[in-house]
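First comes the structure, then the notes that go with it.
In this chain, residues are counted from 1 in sequence order.
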Amino acid sequence: MESVPVRPVSLAPRAELAAAARKVPLIASALRLAHWCRSGRAVTSRDVLKPALGRLAVQELELWAQDDELGALRPAERDERLARLRSSGDLPCLDGPWQLALYAGLVEISAGTARPGADLPATAGDEGVLKTWCQALEDELDALNEFENLGLPPWLPAALGMQDEDGDGLAAVVLRALYEVPDGEWLDPALLVGALREGLPKQEARLVELFLLQILEQAALILAEYQAAEVETGPETSRQREHTLLGILGIEASTEDSDGTPPAGARLRLTPLGRHGLREYLLAEGYQAPLIGELADADAPTLLDALLDYDQDAAHAEITGWISHRGQGPAAVQLIDACAGLEADAALRRLAAPPVLAELDEPKALAVLRKAAASRVPGCAETAAIALAGRGEIPEGQGRELQLWGLVDHLWGPLGVADEALAAFLDQEEDLVLPLLEQAADDLWRCDHPATGAVLEAAGRQLRDRDKTLAKRLRRSATKVGSQRRR
């Protein structure tokens, strides 16, 4: 299971999504077929419509419009072509929606007769059609985990010593990247492949490029068919992929790309329906895929824990909804209570608290902050005082101490997770945190935060290769921790 949640998103109203799903040709055809069976239609032992009925369905429901060959024929020619139909299963424009109707329970067969199934949406506004669309899309995307469905030479996986199960999860990596792209923006496959190739040996990088581009190409066909994405076809890349394949096999191609730039491929942009469908797919794959606004009823600790994985825009939308759901006064009480304690998990919640507290400006909420700042409750008092300081209300004589305490606490939360988490935090917040450490390194030992020593030692280790002078100052400061108290 993927431990890092995907980017929180907003979805279109379900009624709009259901209406969009009904317009997908495959879904629309399956629904029409199901209603067409309301008087009962005879089927063969293979559970397909008898040939004469199949021909009738194609004509009456205009299913031929979804078949390029039949659609190009004149009516008389089309009739002649359908007259040669020996089995309803031989015509994709009929068999595709028919099999979907059977699988989704839109049609049920009993005693050789097909009739509308129990799962057939009763009205045009029935949202059950959205479930049918999602399940059909998920089944198609699941097939991309099998190498044989990627359009690669069938001998390639065996030649590379790969097993069938080695493909599991590859499609989800690509589709997650598409899902993470903000609304209205395009996924650039060259950037995606370049990011995933970074740091890999040349041979492995080529292999990643080949498989991910093939997955993306096949996914583009599926998503376009289900109207889940807009697709802009890129330049022909077959020769480039042949060169990649030769390179993987150790054969040098004569026209090797000079700069190693991944081929462009197709660009994709999710539709609102596609965002809903990919979310359902990712959830089924074990990913956490939060929705903006779903935390409105959550308690403050749950909110603060979740906000650590939100980007700025998503966090602001979630915070606004959470506060308005309960009012600023109660929100202030719950937030301050959630910041109590000096252990690392409480420090992580305090790391997420400032943007939430910054939204509080009503008198009742500010009164809560002032009362908490005057208290001696560890974690609560400092959090409230720092929030008030951000508004210019700095307790007399505490400005410098608050700054030091807040800096140590910000680093204590990630360090409490692991050294690697602290390293990642320092990389992510480098422009904000390093100047503060530079200014305060020689005084941080005076901070009365119980994690001061551990934080200074860990920060010194992590910054050793990046800034030796700052790292030495932090380690020197760490050796002084507690000396003031001993004196």
Given side chain to side chain contact (heavy atoms under 4.5 Å, CB included), test L91 with V58 step by step and report yes or no.
CA-CA 9 Å; L91 203 56; V58 171; 3.7 Å; yes

>> Using the rule given for side chain to side chain contact (heavy atoms under 4.5 Å, CB included), can you reason through H410 versus V433, listing the C-alpha separation, both sets of side-chain angles and the distance that settles it, and then say yes or no?
In response: CA-CA 9 Å; H410 267 47; V433 172; over 6 Å; no

**Message:** Set out, in order, the CA-CA distance, both residues' side-chain angles and the distance that settles side chain to side chain contact (heavy atoms under 4.5 Å, CB included) for L273 and V24, then state yes or no.
**Reply:** CA-CA 10 Å; L273 180 61; V24 174; 4.1 Å; yes

Next item on the list: Test side chain to side chain contact (heavy atoms under 4.5 Å, CB included) on L422 and V417 and set out the steps.
Entry: CA-CA 8 Å; L422 176 60; V417 176; over 6 Å; no

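Evaluation of the side chain to side chain donor-acceptor pair (under 3.5 Å) rule for W36 yields E60 as partners, not counting sequence neighbours. Listed by chain and residue number, nothing satisfies the side chain to side chain donor-acceptor pair (under 3.5 Å) test with R349 (two or more places apart in sequence, or in another chain).
In terms of modelled atom types and a separation under 3.5 Å, the side chain of Q135 and the main chain of A104 share no donor-acceptor contact. In terms of modelled atom types and a separation under 3.5 Å, the side chain of W133 and the main chain of Y226 share a donor-acceptor contact. No donor-acceptor pair closer than 3.5 Å links the side chain of R176 to the backbone N or O of V173. Without hydrogens or angle criteria, R267 side chain to D188 main chain gives no donor-acceptor distance under 3.5 Å. For the pair R475 (side chain) and R461 (backbone), a donor-acceptor distance under 3.5 Å is absent. Looking at R269, its side chain never comes within 3.5 Å of a backbone N or O of E230 through a donor-acceptor pair. Remark: the backbone N or O of G321 is paired with a side-chain donor or acceptor of S324 at under 3.5 angstrom. A donor-acceptor distance shorter than 3.5 angstrom exists from the side chain of R326 to the backbone of W322, with no hydrogens or angles considered.
Separation of atoms CZ (F425) and CG (L411) is listed at 6.0 Å; rounding is to 0.5 Å. Separation of atoms CG (L434) and CD (E429) is listed at 10.5 Å; rounding is to 0.5 Å. The distance from atom CH2 of W412 to atom CG of L407, rounded to the nearest 0.5 Å, is 15.0 Å. One distance of note links NE2 of H276 with CD of E16; it measures 13.0 Å at 0.5 Å rounding. Once rounded to the nearest 0.5 Å, the distance linking CG of L141 with CD of E280 reads 12.5 Å. Separation of atoms CD (E318) and CG (L307) is listed at 7.0 Å; rounding is to 0.5 Å.
Between L85 and R55, the shortest heavy-atom contact is O-NH1, 3.1 Å. Across every non-hydrogen atom of L270 and A228, the tightest pair is CD2-O, 3.4 Å. Across all their heavy atoms, T113 and G40 have their closest contact at CG2-CA, 3.7 Å. Nearest heavy-atom pair across L304 and A353 is CD2-CA, 3.8 Å. Scanning all heavy atoms of the two residues, the minimum distance from A344 to G416 falls at CB-CA, 3.5 Å. Scanning both residues, R466 and E430, for their nearest heavy atoms gives NH1-CD, 3.7 Å.
No side-chain heavy atom of L61 sits under 4.5 Å from any side-chain heavy atom of L56. Considering only heavy atoms from C-beta on, L308 comes within 4.5 Å of L351 through its side chain. Residues D409 and T383 form no side-chain contact, since every pair of their non-hydrogen atoms from C-beta on lies 4.5 Å or further apart. Contact check for L94 versus L33: side-chain heavy atoms found under the 4.5 Å cut-off. Counting heavy atoms from C-beta outward, L106 and P121 have side chains that approach closer than 4.5 Å. Residues L291 and R279 have side chains in contact (heavy-atom distance under 4.5 Å, counting atoms from C-beta outward). With a 4.5 Å cut-off on side-chain heavy atoms, D467 and E438 count as touching. The closest side-chain heavy-atom distance from L63 to W98 is not below 4.5 Å.
The existence of a salt bridge linking E77 and R81 is excluded, since no basic side-chain nitrogen approaches an acidic carboxylate oxygen closer than 4.0 Å. A salt bridge does not link D313 to R7: none of the charged side-chain nitrogens sits closer than 4.0 Å to a carboxylate oxygen.
Legend: side chain to side chain donor-acceptor pair (under 3.5 Å) pairs involving residues 290-301, not counting sequence neighbours, sorted by first then second residue: D297-H325, D299-T302.
Applying the 6.0 Å contact sphere to CZ of R84 captures more than 12 heavy atoms from other residues, nucleotides or ligands.
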